[in-house]
Amino acid sequence: QVQLVESGGGLVQAGGSLRLSCAASGRTFRTYTLGWFRQAPGKEREIVARIAWSGGTTYYGDSVRGRFTISRSNAKNTVYLQMASLKPEDTAVYYCAADTRSSPPFDWDYWGQGTQVTVSS
């Protein structure tokens with residue numbers, strides 16, 4: 001069983017930066033694929049970024065590629081999302097998720113409770 005707890009959300013002006021963190025419990029964390037998702041009001045949840053267990057392979061959604069960076073520290077059982085050049089359309093609840101699989105398709109077995117990110121114009 002894995003528990004995920006996000007932190008780092010808040011209110012930021014357009015063009016600013018934020019770093020989200022997701023701390024995980026569980027001894028097998030380092031073998032999991034980790035991802036960040038977001039959901040804005042009235043919209044479907046979308047994947048923001050994904051990182052392989054080794055940290056060597058990453059994937060980004062089209063809307064954030066070049067602005068966001070996902071990373072992980074297996075020693076700290078934590079995954080990060082560094083967000084830069086934030087836009088009002090980045091406003092959403094951000095969730096981290098973990099999957100026991102190392103390659104697609106992913107089912108995302110575990111989810112955090114989410115953290116709100118609000119970008120003002």
Side-chain angles (χ1 to χ4, degrees):
Q1 190 74 7
V2 174
Q3 291 186 325
L4 305 171
V5 179
E6 302 97 334
S7 62
L11 174 64
V12 63
Q13 289 188 332
S17 299
L18 273 178
R19 188 176 82 156
L20 305 182
S21 300
C22 176
S25 63
R27 292 176 293 178
T28 55
F29 169 86
R30 62 188 62 210
T31 67
Y32 291 173
T33 299
L34 303 173
W36 284 97
F37 293 76
R38 68 185 182 186
Q39 187 166 22
K43 295 187 177 181
E44 292 188 355
R45 185 174 60 197
E46 64 173 343
I47 187 165
V48 175
R50 179 180 80 223
I51 188 166
W53 69 271
S54 65
T57 302
T58 57
Y59 165 86
Y60 295 93
D62 290 341
S63 60
V64 307
R65 190 174 293 118
R67 299 187 298 122
F68 291 11
T69 303
I70 189 171
S71 62
R72 66 189 291 168
S73 168
N74 289 338
K76 296 181 178 180
N77 277 12
T78 302
V79 60
Y80 305 97
L81 184 68
Q82 180 67 49
M83 305 184 292
S85 302
L86 284 161
K87 306 174 181 180
E89 50 264 44
D90 294 318
T91 296
V93 177
Y94 284 70
Y95 300 89
C96 71
D99 195 303
T100 58
R101 298 159 188 79
S102 59
S103 60
F106 296 106
D107 287 340
W108 302 105
D109 309 275
Y110 305 101
W111 291 86
Q113 84 288 351
T115 185
Q116 176 71 46
V117 172
T118 303
V119 184
S120 63
S121 58

Which class fits the ring pair Tyr94 and Phe68: parallel under 30°, tilted 30 to 60°, perpendicular over 60°?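 Geometry flag for Phe68 against Tyr94: tilted rings.
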Any idea how Trp111 and Tyr95 line up, ring-wise: parallel (<30°), tilted (30 to 60°), or perpendicular (>60°)?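 Judged by the thresholds at 30° and 60°, the geometry between Trp111 and Tyr95 is perpendicular.
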Assess whether side chain to side chain contact (heavy atoms under 4.5 Å, CB included) is satisfied between Ser63 and Glu46, documenting all intermediate values. CA-CA 10 Å; Ser63 60; Glu46 64 173 343; 4.2 Å; yes
Compare every heavy atom of [Y] with every heavy atom of [X], then report the nearest pair and how far apart it is.
X	Y	answer
Val79	Cys96	CG1-CB, 4.5 Å
Ser120	Leu11	CB-CD1, 4.3 Å
Ala24	Val2	CB-CG1, 4.3 Å

How many angstroms lie between [atom1] in [X] and [atom2] in [Y], if you round to the nearest 0.5 Å?
X	Y	atom1	atom2	result
Tyr110	Asp99	OH	CG	9.5 Å
Thr118	Leu18	OG1	CG	9.5 Å
Phe37	Arg50	CZ	CZ	8.5 Å
Ser102	Tyr32	OG	OH	12.5 Å
Gln13	Ser121	CD	OG	9.5 Å

Give the cluster check for [X] versus [Y]: same hydrophobic cluster or not, with ILVMFWY residues linked at side-chain heavy-atom distances below 4.5 Å.
X	Y	value
Trp108	Trp36	no
Leu34	Val93	no
Leu81	Trp53	no
Ile51	Ile47	no
Val48	Val12	yes

Side chain of [X], backbone of [Y]: donor and acceptor closer than 3.5 Å?
X	Y	result
Thr78	Ala23	no
Glu6	Leu20	no
Thr69	Gln82	no
Arg72	Thr33	no

Might you work through the side chain to side chain contact (heavy atoms under 4.5 Å, CB included) test for Gln116 and Thr91, ending with a clear yes or no? CA-CA 8 Å; Gln116 176 71 46; Thr91 296; 4.0 Å; yes
Under the side chain to side chain contact (heavy atoms under 4.5 Å, CB included) rule, what do Thr100 and Thr31 come out as? Steps first, then yes or no, please. CA-CA 7 Å; Thr100 58; Thr31 67; over 6 Å; no
Atom CD of residue position Gln39 - does it have more than 12 heavy atoms of other residues, nucleotides or ligands inside 6.0 Å?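 Counting other residues, nucleotides and ligands, CD of Gln39 exceeds 12 neighbours.
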Salt bridge (Lys or Arg N to Asp or Glu O under 4.0 Å) evaluation trace for Arg67 with Asp90: CA-CA 11 Å; Arg67 299 187 298 122; Asp90 294 318; 2.8 Å; yes
Determine whether Asp109 and Arg101 satisfy the following criterion, side chain to side chain contact (heavy atoms under 4.5 Å, CB included), listing intermediate values before the conclusion. CA-CA 9 Å; Asp109 309 275; Arg101 298 159 188 79; 3.5 Å; yes
Does any part of the side chain of Val64, heavy atoms only, come nearer than 4.5 Å to the side chain of Arg38, both counted from C-beta?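 Side chain of Arg38 against side chain of Val64, heavy atoms only: contact under 4.5 Å found.
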